[in-house]
Undergrad: 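One structure, pasted below without further comment.
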Number of protein chains: 2
Amino acid sequence: MFSKACEYGIRASIYIGQQSASGRRVGLKDIAAEIGSPEAFTAKVLQQLVRAQLVTSVKGPAGGFELTPEQLRTVTLREIVVAIDGGAMLQGCALGLPQCSAKQPCPMHYQFLPIRDQLNELLRTHTIGELASKVHEGLGFLKQFS
Amino acid sequence: MFSKACEYGIRASIYIGQQSASGRRVGLKDIAAEIGSPEAFTAKVLQQLVRAQLVTSVKGPAGGFELTPEQLRTVTLREIVVAIDGGAMLQGCALGLPQCSAKQPCPMHYQFLPIRDQLNELLRTHTIGELASKVHEGLGFLKQFS
DNA sequence: TGCATACCGGACAAATTTGTCCTTTAATTT
DNA sequence: AAATTAAAGGACAAATTTGTCCGGTATGCA
Ligand code: FES
Ligand code: FES
């Protein structure tokens, strides 16, 4: 579905959001440990999100990553996905035709479209802040314990 | 969504199915040309499908690939996808957690599940023969012309 | 039997994704 | 100012996916 980079990016954003909602700024090491991701690779992904202004970073001692109240309220899953994976999965043809269009649709087109639309809707309507509070209430996990 | 290999595999199967329905057996070169895929790579993918007994191949002159009437009737998109990409996309967690389960669900789990279920249903309920006839009637394309 | 055809299979190569390491840059504290 | 902290950035390495090439094998035909 999503690339590893994107999965890490989403999980990281949600964790950062959860901590930001409690007024805590978090460092890379902490993030990687909490979401169970490779540290250096997660750093690269976070750089992308910072450049896209979906996450805020602060250098130096007591620095780290955070979501501003505005980011917490407005940044959606869709923006994260687009920033990392691009729009291919959100607009592309299920069978890989160069264009998904009703002009020359693939044989799955009309069956596939509603599903893809629902996925788009799901990503568009869920903010990081919303998912973060779910995690905060123990209704969702970013890492599994055995 | 699906890997390139899987996309080629589905498109190839549908084209083979369409021709088989008209009693024609088709060669690799023909297939690759008709679905717009790299020939040698498509060969690899078809080998997988033949091994999985989702497509039938015949060697020698006038040989090629075909779908038996039974294959045309019973092979579903889902079987093709599973044979090539495995079950990860059909059962895995949207955020990449090692297990998708209500025990320790990711924060997208309950929103994502119905969409994934619909995708599963879509793949499970569409046979290659069905899609092939759609192409045959000009209602679907396996390659785009400009 | 010999030959031509077309899939099979293995090895190899290119491209992309995933992941690591190390130096530089910016900010805070002493 | 100097030292410390933590993200930024570049180079590099490993793994996976995508794609190519070629000799082997089975089949049909003359
Ligand atoms: S053309 Fe294939 S999904 Fe739209
Ligand atoms: S746990 Fe993430 S989708 Fe089910």
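Letters A, B, ... mirror the listed sequences (proteins, then strands); counts begin at 1. Atom set for the values below is all heavy atoms of this structure, side chains included, hydrogens, waters and symmetry mates excluded.
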Undergrad: Does either side chain, that of A:S37 or that of A:T42, offer a donor lying less than 3.5 Å from an acceptor on the other one?
TA: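 Yes, side-chain donor-acceptor contact under 3.5 Å.
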Undergrad: Does D:dG19 have OP1 or OP2 under 4.0 Å away from a side-chain N or O of B:Y8?
TA: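 Checking D:dG19 against B:Y8, a side-chain N or O does come within under 4.0 Å of OP1 or OP2.
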Undergrad: Can you tell me the distance, in whole Å, between the CG atom of A:L46 and the C1' atom of D:dA6?
TA: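 Taking CG of A:L46 and C1' of D:dA6, I get 13 Å after rounding.
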Undergrad: Using whole Å, report how far CZ of B:F65 lies from P of D:dA26.
TA: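 In whole Å, D:dA26 P lies 16 Å from B:F65 CZ.
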Undergrad: Report which part of the nucleic acid A:K44 touches: base, sugar-phosphate, or nothing (heavy-atom distance under 4.0 Å, all strands).
TA: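 Base contact.
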Undergrad: In residues 78-98 of chain B, which ones come under 4.0 Å of DNA chain D, going by heavy atoms?
TA: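 Per residue number, the list is empty: none.
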Undergrad: Expressed as a whole number of angstroms, how long is the span from A:E7:CD to C:dT17:C1'?
TA: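 Interatomic distance, CD of A:E7 to C1' of C:dT17: 13 Å.
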Undergrad: Rounding to a whole Å, what distance do you find between A:K59:NZ and C:dT28:P?
TA: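 It is 12 Å, rounded to the nearest whole Å.
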Undergrad: Assess whether atom CD of A:Q53 is packed by more than 12 heavy atoms of other residues, nucleotides or ligands within 6.0 Å.
TA: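 Incorrect, the count does not exceed 12.
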Undergrad: Given that A:G60 and A:K4 both sit by DNA chain C, which one's nearest nucleotide is further toward the 5' end?
TA: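 Its nucleotide being nearer the 5' end, the pick is A:K4.
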Undergrad: Using a cut-off of 6.0 Å, state whether more than 12 heavy atoms not belonging to B:H126 lie near its atom NE2.
TA: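 Yes, enclosed.
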Undergrad: Distance check: side-chain N/O of B:Q47 vs OP1/OP2 of C:dG9, anything under 4.0 Å?
TA: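 So the side chain of B:Q47 is within the cut-off, an N or O lying under 4.0 Å from OP1 or OP2 of C:dG9.
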Undergrad: To the nearest angstrom, how far is B:I35 atom CD1 from D:dG19 atom P?
TA: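 Those two atoms, CD1 and P, are 11 Å apart.
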Undergrad: For a quick check of understanding: with a heavy-atom distance under 4.0 Å over all strands, which category does B:L28 fall into, base, sugar-phosphate or nothing?
TA: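 Counting heavy atoms under 4.0 Å across all strands, the contact made by B:L28 is with sugar-phosphate only.
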Undergrad: On DNA chain D, does the nearest nucleotide to A:S57 precede the nearest nucleotide to A:P61 from the 5' side, or the other way round? Give the residue.
TA: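 Closer to the 5' end of DNA chain D: A:P61.
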Undergrad: Distance criterion of 3.5 Å, no angle test: do you see the side chain of B:E39 paired donor-to-acceptor with the base of D:dG19?
TA: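 Between D:dG19 and B:E39, which were checked side chain against base, a qualifying N/O pair under 3.5 Å is absent.
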Undergrad: Do you know the tightest heavy-atom contact between B:L49 and B:S13?
TA: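 That closest heavy-atom pairing would be CD1-OG, 3.5 Å.
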Undergrad: Would you mind classifying the nucleic acid contact of B:R51 as base, sugar-phosphate or nothing, using non-hydrogen atoms under 4.0 angstrom?
TA: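 Sugar-phosphate, no base atom in range.
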Undergrad: Report yes if some heavy atom in the side chain of B:V135 is under 4.5 Å from a heavy atom in the side chain of B:Y15; otherwise report no.
TA: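 When only atoms from C-beta onward are counted, B:Y15 and B:V135 do not touch, as no gap falls below 4.5 Å.
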Undergrad: Whole-Å distance between D:dA6 C1' and A:I16 CD1?
TA: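 Between C1' of D:dA6 and CD1 of A:I16: 14 Å.
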Undergrad: Establish, from distance only, whether the side-chain atoms of B:Q118 and A:Q118 form a donor-acceptor pair under 3.5 Å.
TA: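 There is such a pair (donor and acceptor under 3.5 Å, judged by atom type) between the side chains of B:Q118 and A:Q118.
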Undergrad: Counting side-chain heavy atoms from C-beta on, which of C:dT18, D:dT20, D:dA7 comes nearest to B:F41?
TA: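 Of the candidates, D:dT20 comes closest.
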Undergrad: Whole angstroms only, please: what is the CD-P distance between B:Q48 and D:dG19?
TA: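 Taking atom P of D:dG19 as the reference, CD of B:Q48 is at 14 Å.
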Undergrad: Report the distance from atom CD1 of A:I31 to atom P of D:dA6, rounded to the nearest whole Å.
TA: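 Nearest whole value for this atom pair: 12 Å.
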Undergrad: Compare every heavy atom of B:D85 with every heavy atom of B:C6, then report the nearest pair and how far apart it is.
TA: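 Closest pair (atom of B:C6, atom of B:D85, distance): CB-OD2, 3.4 Å.
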